[in-house]
**Student:** 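What follows is a single structure, and I will ask about it in a moment.
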Amino acid sequence: MRLSRLVFQTLREAPKEADTVSHKLMVRASLIRQVAAGVYEWLPFGWRAVLKAAAIVREEMDRAGAQEVLLPQLSPRELWEESGRWGAYGKNLMRLKDRHERDFALGPTHEEVITDLARATLRSYRRLPATMYQIQTKFRDEMRPRFGVMRAREFMMKDAYSFDVDDAASERSYETMRVAYNRIFTRLGLNYRMVDADSGPIGGSFSQEFMVLADAGEDIIASCTSCDYAANMEKAESAPLPAPEGSAEAAPEAISTPGTKSANAVSKLLGRPIRDIAKLMFYQVGEELVGVMVRGDHEINEVRLARLLGVDEVVMAKADTIIAKTGLPIGYMGPVDLPGIRVIADRDLAAMPSIVTGANRVDEHLVHVKPGRDFTPALVSPIRKACEGDPCPKCGQPLKLMHGIEVGHIFKLGLKYSKAMHAVFLDEGGKEQMMVMGCYGIGVTRIVAAAVEQNHDDRGIIWPFSLAPYKAMVVPVGAEPDLVAAAEQLYVDLEAAGVEVLFDDRTEAPGVKFADADLLGVPVQLIVGKTFKARGLIEMRRRGTKQGIEVSPQDAVAQVKSLA
RNA sequence: CGGGGCGUAGCGCAGUGGUAGCGCGCCUGCCUUGGGCGCAGGAGGUCCCCGGUUCGAACCCGGGCGCCCCGACCA
């Protein structure tokens, strides 16, 4: 491709709305252009990167025996009513009406549609197992689109769904996908981790996420520094902490703490480490008000809490509800003599020898409170978020927290959708059985953003070879006819050799050409300039390295070809 | 959904009552070819939209729309 013909416009300055590195670079290098909040155009150069990612995903899906289909983006309300998600999916579901006022959704994911297809076609155990996938645009009316195509409202996703006769078979399908996913992300050249995850609103029992490690990532994962344990924050556990030294022989004692509501403030006032201060928070669980306690240096993991209580979701109680139900002052509540409220204590809080709690009186706290002696929690369980340095639940070595970009997620769905939508097959005995499902997603457009986030320098993108829209770029520097002719010849030869190559045939100043080449980030730069004038040689330079090597035009073609 | 910020040329911005400018980019010519080169000339604007105030509005007032950021667990 000749740069003079490529539809693109590199920018020296990024639009002000771009804040992450990948967003800025993708706009500056003309990969994408924003049309509305969370809605983007992919320009030719960027679109090629998307196609590279999609091709690798497709190859590995096919290798894993999955069959490609294309499902409609528009789906009728009835299907969503069947699964219960017309209501449950909430505002993220893009909805619209047709001219007859019939309700439709623009698919954020396709469990309903595929289950409808499966129940119509996979009627016998003989047709199972079956895994189908598609690569298609998805719609989610995100609360807050962000970071360019990283969290967009319209994005490309590969979604796959497996259908099996029983749990054991479903397990095998899941494993096949897990292997395929690892192959995909390895081939894409990304630094990633597979982590245990909570399955969230898609439902189901168990899932794993594939996280590209990058500081700009919206998710936090806990990863063991020694073994292979890794989980996202919602799921991450830690081994019990050793209880700090000390004991509370003394009985609880009320002390005056005027205007000190937060654990932080109490810690400062008393000059005691924040871990000694208990935090008591209140959650609305159905009709019940539940108190939840963690150490001052810890945070409640609401997803774990919800699981523990056997509910879908917990919400913090409103202040006036708490006051109405207890009559006690917010900010000074404690578990000692707290009437009629079930208190759940975090395991590491319960192990403390002596803590500071609210006294249930304004401007007072209790010191020397010993869990188990001075109050008895209804339940003691690990319900806090893991922290940096916590002991790994598997091996006890320290955990490390890292930011990640979720690029893949695989779920065991179990019977959730087959039950709701009556997706059944006949077994060998002619009896109806529910299909056991799995679902497997990859954010294809997000992969491109994640790759840029992970592979760049201050000059621009440094494409991993597998995703690079072009593998080489010929850059003539000089106007001498023989030099220009040699560059042209090199470009033609590379194309003939099947190399995806860009040719900077523009009459730009050298600085502009080098700057654009670095910004676009094509892996191999072939500079026809001073070394050509002096010795008839091409300077071949890997993007991201300073110094190139000098090769003859013939060798340049051969070497680039061998890289591909 | 709550709070904040911003909408002026493709991008970044200035202009805060008298009918619009700067840098980059774009076009033409000359020049230049190893790191966003120089000179000269040029094109490009519903100043987000609607209404109001005013002799006169990009600017003031009202309403709307759009975009961005922060927050939406620490009692």
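Chain letters run A, B, ... following the sequence lines, proteins first, then strands; residues in each count from 1. Small disclaimer: the values here were computed from a predicted structure and weren't measured.
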**Student:** Is the base of C67(B) touched by the side chain of Glu17(A) through a donor-acceptor pair closer than 3.5 angstrom?
**Tutor:**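 No, the side chain and the base share no sub-3.5 Å donor-acceptor pair.
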**Student:** Are Glu488(A) and Arg2(A) close enough for a salt bridge, meaning some N to O gap below 4.0 Å?
**Tutor:**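 Salt bridge flag = yes for Arg2(A) with Glu488(A).
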**Student:** For C67(B), give the paired nucleotide (Watson-Crick: N1-N3 plus N6-O4 or O6-N4; G-U: N1-O2 and O6-N3; both under 3.5 Å), or none.
**Tutor:** G5(B)
**Student:** Can you tell me the pairing partner of U16(B) across any strand shown, Watson-Crick or G-U wobble, with both distances under 3.5 angstrom?
**Tutor:** none
**Student:** Counting the atoms with a prime plus P, OP1 and OP2 as sugar-phosphate, which does Tyr283(A) contact under 4.0 Å by heavy atoms, base, sugar-phosphate, or nothing?
**Tutor:**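 Counting heavy atoms under 4.0 Å across all strands, the contact made by Tyr283(A) includes a base.
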**Student:** Looking at C74(B), which nucleotide sits across from it as a Watson-Crick or G-U wobble partner, both distances under 3.5 angstrom, or is there none?
**Tutor:**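 Pairing partner, where one exists within any strand: none, as none qualifies.
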**Student:** Taking the side chain of Met316(A) as heavy atoms from C-beta outward, which of C74(B), C73(B), C67(B) is closest to it?
**Tutor:** C73(B)
**Student:** Give me, pair by pair, the N or O atoms of the protein and of nucleotides 29-35 of chain B that are less than 3.5 Å apart, along with how far apart they are.
**Tutor:**
{"from": "U33(B)", "atom 1": "O2'", "to": "Gly478(A)", "atom 2": "N", "distance (Å)": "2.9"}
{"from": "G34(B)", "atom 1": "N7", "to": "Lys530(A)", "atom 2": "N", "distance (Å)": "3.0"}
{"from": "G34(B)", "atom 1": "O6", "to": "Lys530(A)", "atom 2": "N", "distance (Å)": "2.9"}
{"from": "G34(B)", "atom 1": "N1", "to": "Glu539(A)", "atom 2": "OE1", "distance (Å)": "2.7"}
{"from": "G34(B)", "atom 1": "N2", "to": "Glu539(A)", "atom 2": "OE1", "distance (Å)": "3.1"}
{"from": "G35(B)", "atom 1": "O6", "to": "Arg541(A)", "atom 2": "NH1", "distance (Å)": "3.0"}
{"from": "G35(B)", "atom 1": "O6", "to": "Arg541(A)", "atom 2": "NH2", "distance (Å)": "2.2"}
{"from": "G35(B)", "atom 1": "N1", "to": "Asp518(A)", "atom 2": "OD2", "distance (Å)": "3.4"}
{"from": "G35(B)", "atom 1": "N2", "to": "Arg459(A)", "atom 2": "NH1", "distance (Å)": "3.1"}
{"from": "G35(B)", "atom 1": "N2", "to": "Asp518(A)", "atom 2": "OD2", "distance (Å)": "2.3"}

**Student:** Counting the atoms with a prime plus P, OP1 and OP2 as sugar-phosphate, which does Lys16(A) contact under 4.0 Å by heavy atoms, base, sugar-phosphate, or nothing?
**Tutor:**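 Sugar-phosphate contact only.
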**Student:** What is the glycosidic conformation of U19(B): syn, defined as within 90° of 0, or anti?
**Tutor:**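 You should classify U19(B) as syn.
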**Student:** Looking across every strand, which nucleic acid part, if any, lies under 4.0 Å from Ala18(A) by heavy atom: base, sugar-phosphate, or nothing?
**Tutor:**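 Ala18(A): no heavy atom of the nucleic acid under 4.0 Å.
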**Student:** Which base sits across from G38(B) as a Watson-Crick or G-U pair, both distances under 3.5 Å?
**Tutor:**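 G38(B) is paired, partner C30(B).
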**Student:** Under a 4.0 Å N-O cut-off, is there an ion pair linking Lys530(A) with Glu539(A)?
**Tutor:** no
**Student:** Kindly point out which of C73(B), C11(B), C68(B) is positioned nearest to the side chain of Leu11(A)?
**Tutor:**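 Closest nucleotide among those given: C11(B).
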**Student:** With respect to Met333(A), which candidate in Ile341(A), Leu328(A), Thr357(A) satisfies the side chain to side chain contact (heavy atoms under 4.5 Å, CB included) definition?
**Tutor:** Leu328(A)
**Student:** Tell me which nucleotide among C68(B), C74(B), A75(B) gets nearest to the side chain of Ile330(A).
**Tutor:**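 Nearest to the side chain of Ile330(A) among the choices is A75(B).
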**Student:** Is the base of C24(B) touched by the side chain of Glu13(A) through a donor-acceptor pair closer than 3.5 angstrom?
**Tutor:** no
**Student:** Salt bridge or not between Arg33(A) and Glu41(A)? Use side-chain N to carboxylate O under 4.0 Å.
**Tutor:** yes
**Student:** Using the purine O4'-C1'-N9-C4 or pyrimidine O4'-C1'-N1-C2 torsion, is U28(B) syn (within 90° of 0) or anti?
**Tutor:**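 For U28(B), whose glycosidic angle is more than 90° from 0, the conformation is anti.
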**Student:** By nearest atom, which of the nucleotides G36(B), C74(B), G25(B) is closest to the Ser262(A) side chain?
**Tutor:**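 Selected nucleotide (nearest to the side chain): C74(B).
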**Student:** Base, sugar-phosphate, or nothing for Met333(A), non-hydrogen atoms under 4.0 angstrom?
**Tutor:** nothing
**Student:** Tell me whether Arg146(A) is salt-bridged to Asp19(A), with the criterion being a basic N under 4.0 Å from an acidic carboxylate O.
**Tutor:** no
**Student:** With RNA chain B as reference, determine whether Pro15(A) or Met143(A) sits nearer its 5' end, using the nearest nucleotide of each.
**Tutor:**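 Mapping each residue to its closest nucleotide by heavy atoms, the 5'-most match is Pro15(A).
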**Student:** Salt bridge (Lys or Arg N to Asp or Glu O under 4.0 Å) for Glu209(A) and Lys235(A)? Distances and angles first, verdict last.
**Tutor:** CA-CA 11 Å; Glu209(A) 289 173 344; Lys235(A) 190 81 178 178; over 6 Å; no
